[in-house]
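We count residues from 1, following the sequence as given. For clarity, every value in this text was computed on a predicted model and none was experimentally measured.
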Amino acid sequence: MGYWLQVHEVKLMKVSWLARAVFLALLVTLACSAAFATPRILIVGDSWSVSVWHGRALDTALQEYGLHDVECVGDITTRGGSTASDWVKPDWLAAITQQLGAFPTIDTVHLIIGGNDVLSKIKTTNVFVGWPALMRESWWQDIQNNIQALVNYCLLHPQVRHVVIADYDYLNRTTVQVLYYVLGQTFDFGGMTQEQVNTAFIEVGVKKLAVAQRTPGCYYVQNWGLLQYHHNTPAGAPRPGVYPDYNPYPGGNTAYPMPDAAFDTVYIGPFPFAGDGIHPSIDAHKVMARNAVEQFYLDWYGGGEGEGEGEGEGEGEGEGEGEGEGEGEGEGEGEGEGEGEGEQALAIVECVTYTTSGGKNSDRHLSVTIKVVDNQGSPVGNAAVSISITRNGSAYATGNASTNGNGEATFVANNAPNGTYSTAVTNVSANGLTFEGSTPPNAFSKGSDPVPASYCRSTGTSASASGPGAAVRLAREVKARHSDALFAAPGVVGHGVGLSGGRPVIEVYLENENAAARAQLPASIENVPVRIIVTGPFEAF
């Protein structure tokens, strides 16, 4: 939650001393750990997710349970101060698609979001007094709708098998009010009690749970009262219920906050505060991460869901006895399901291409062309292709078409409005071939991106070495080499790597509109475009 840092993979400077202190407190708690073999989990969300990512809370919990081959990613998808309403914007969704493209082994999105949406309503307002209950319900419904759209967007990427909505624990409204008063900010919750503040968050938590319960592939982790239970403060606070019944819901004692022991103590002059009352310590995040690992990740990555271990590719059964070792998808009778006779014949989606046509500027209608090839890269004709298209993170259209002799099937959306579109191929049916199952990551912004725009992989099933992952890594390296020079420009408070039209750009964040800074900043650095964004100062919220 709480820090309005509109950044991606950001190096900070010129922040308020408290924000710097909290940020540094996160950094100094980083644990050194061995490199993981495979990125499997993408962390997405607000400053709680920033703490989980930078503090390696979830990585540590996975290691504790023996899942040493699972790694988390979150350098451009954990953004302090972000809201659910932010994450359904086209540029923000594109960051998710970019990361999934850069790390094709990711199959789970770990989502921590919605807290700032609630805080924006209750910061100075008692939403239980003077406001109709239907108004509050409408606010919470908007948050649920945005989270649902975000979950849907993630699951439309064929590689994503699970989205985990990890909820918050109770904040400490008294610490928040007093500390921010000392800092000259009003954060009094309109006089709400601790229980009322807790209830506001719980009401939204119930809606998150409903998203998970009605969405295949989506799961929910309840953390309400988990830190009370962990520290036995107040005594006897019950542990929050777990999947699938979540009994009790909520956990803990709703009249109490998260215990002070769950925060890192900070001092203003001689006066100690339990953090800022919003952001728990890395150790507290590890407690919540274990809650998620115990309920879901241990099953998924420790042998659950029937993911056995076999050598090679294909579906034949090996000979001999025992389980093999490797990455097959079940348990073979020997070396697993992967040592069959010959290579399985596959239908592979090689490219997704967007074009526009019609109207004065040839930009009225949107066409999406899917190219299908086999294992040798030869076009597959007469294949039945099914697709699902989203616009700005929400379901937009579905379609079915057959490929021509060039292996291409084209779908046309007449009078398509501007917005960011993403296409997932849901099935390919071709004689003698099995659909490989994935779609090259793609995100096309109609109205701003040049056409045609093609998103392709190399021949076969491996992502192209010159694809989006390599381009993003290059942009990061360029940015790192020029970090000091970027900060030398007046008014620069941070920099990161983002996407524009599916291509990486170096983003430079200005505290305010600054002609002198713009004059000093180049249009590109080592052929990587530079985009200047006015974010305002980075301050605690």
Side-chain angles (χ1 to χ4, degrees), residues 36 38-45 49 52-53 58 62 67 70-78 84 87-88 90 92-113 146-166 208 211-221 292-293 295-297 299-301 304-307 327 329 348-349 352 386-396 398 420-428 435-443 455 457 461 463 467-469 472 499 502:
F36 294 97
T38 309
R40 299 291 296 272
I41 301 169
L42 180 65
I43 304 173
V44 177
S49 75
V52 171
W53 165 237
L58 184 52
L62 292 165
L67 304 178
V70 180
E71 182 180 26
C72 298
V73 175
D75 53 350
I76 69 170
T77 54
T78 57
W87 278 105
V88 294
W92 296 62
L93 294 172
I96 295 174
T97 296
Q98 179 271 311
Q99 287 294 80
L100 293 175
F103 301 98
T105 53
I106 289 175
D107 55 15
T108 299
V109 175
H110 188 89
L111 183 61
I112 308 174
I113 200 65
N146 286 328
I147 292 175
Q148 180 73 72
L150 177 57
V151 169
N152 291 348
Y153 180 83
C154 294
L155 289 170
L156 281 172
H157 293 77
Q159 74 191 73
V160 177
R161 301 176 63 187
H162 321 104
V163 175
V164 175
I165 303 175
K208 295 180 189 178
V211 170
Q213 290 175 329
R214 71 191 182 200
T215 308
C218 185
Y219 304 86
Y220 176 83
V221 179
V293 172
Q295 292 181 65
F296 300 115
Y297 292 116
D299 285 341
W300 296 340
Y301 300 136
E305 294 193 353
E307 293 185 357
E327 294 183 1
E329 290 220 31
I348 300 165
V349 178
V352 178
S386 300
I387 67 169
S388 175
I389 302 176
T390 63
R391 174 179 173 270
N392 297 339
S394 298
Y396 179 73
T398 59
T420 297
Y421 291 83
S422 180
T423 300
V425 177
T426 55
N427 191 44
V428 176
F435 178 35
E436 181 269 337
S438 67
T439 307
N442 61 92
Y455 304 82
R457 71 172 103 206
T461 59
V472 170
L499 289 176

Derivation and outcome, side-chain contact (heavy atoms from CB on, under 4.5 Å), residues W53 and I112:
CA-CA 11 Å; W53 165 237; I112 308 174; over 6 Å; no

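- A donor-acceptor contact shorter than 3.5 Å links the side chain of N392 to the backbone of T420.
- One finds the CG atom of N427 at 12.5 Å from the OG atom of S388 (value rounded to the nearest 0.5 Å).
- The structure places OG1 of T108 at 11.5 Å from CD1 of I43, a figure rounded to the nearest 0.5 Å.
- Shown here for P158 and G437, the closest heavy-atom pair between the two residues is CB-O, 3.2 Å.
- With a 4.5 Å cut-off on side-chain heavy atoms, W87 and I147 do not count as touching.
- Judged by distance alone, the side chain of T78 and the main-chain N or O of S49 form no donor-acceptor pair under 3.5 Å.
- Put simply, the side chain of Y220 never gets that close to the backbone of Q213: no donor and acceptor are under 3.5 Å apart.
- Here the closest non-hydrogen pair linking P39 and F103 is CG-CD2, 3.8 Å.
- Within the 4.5 Å cutoff, no side-chain heavy atoms of Y153 are placed close to those of V163.
- Taking the side chain as every heavy atom from C-beta outward, L62 and C72 approach each other to under 4.5 Å.
- In this structure, CG on L155 lies 10.0 Å from NE2 on H162, to the nearest 0.5 angstrom.
- Note: L67 CG to T38 OG1 = 12.0 Å, rounded to the nearest 0.5 Å.
- Q159 places a side-chain N or O within donor-acceptor distance of the main-chain N or O of L100, the cut-off being under 3.5 Å.
- The closest donor-acceptor contact from the side chain of Q98 to the backbone of A443 lies at 3.5 Å or more, if one exists at all.
- Rounding to the nearest 0.5 Å places CG of L42 at 4.5 Å from CD1 of I106.
- In terms of the side chain to side chain donor-acceptor pair (under 3.5 Å) criterion, residue partners of N152 (sequence neighbours excluded) are, by chain and number, Q148.
- Nearest heavy atoms, A149 versus V88: CB-CG1, 4.0 Å.
- Of the options V425, V349, T423, a side chain to side chain contact (heavy atoms under 4.5 Å, CB included) to P440 is made by V349 and by none of the others.
- Note that CG of L58 is 5.0 Å distant from CD1 of I41, once rounded to the nearest 0.5 Å.
- Taking the side-chain contact (heavy atoms from CB on, under 4.5 Å) definition, one finds that A292 meets it with H110, V221, Y297, sequence neighbours left out.
- Within the 4.5 Å cutoff, the side chain of L150 has heavy atoms near those of the L93 side chain.
- Between E436 and V428 the shortest side-chain heavy-atom distance does not fall below 4.5 Å.
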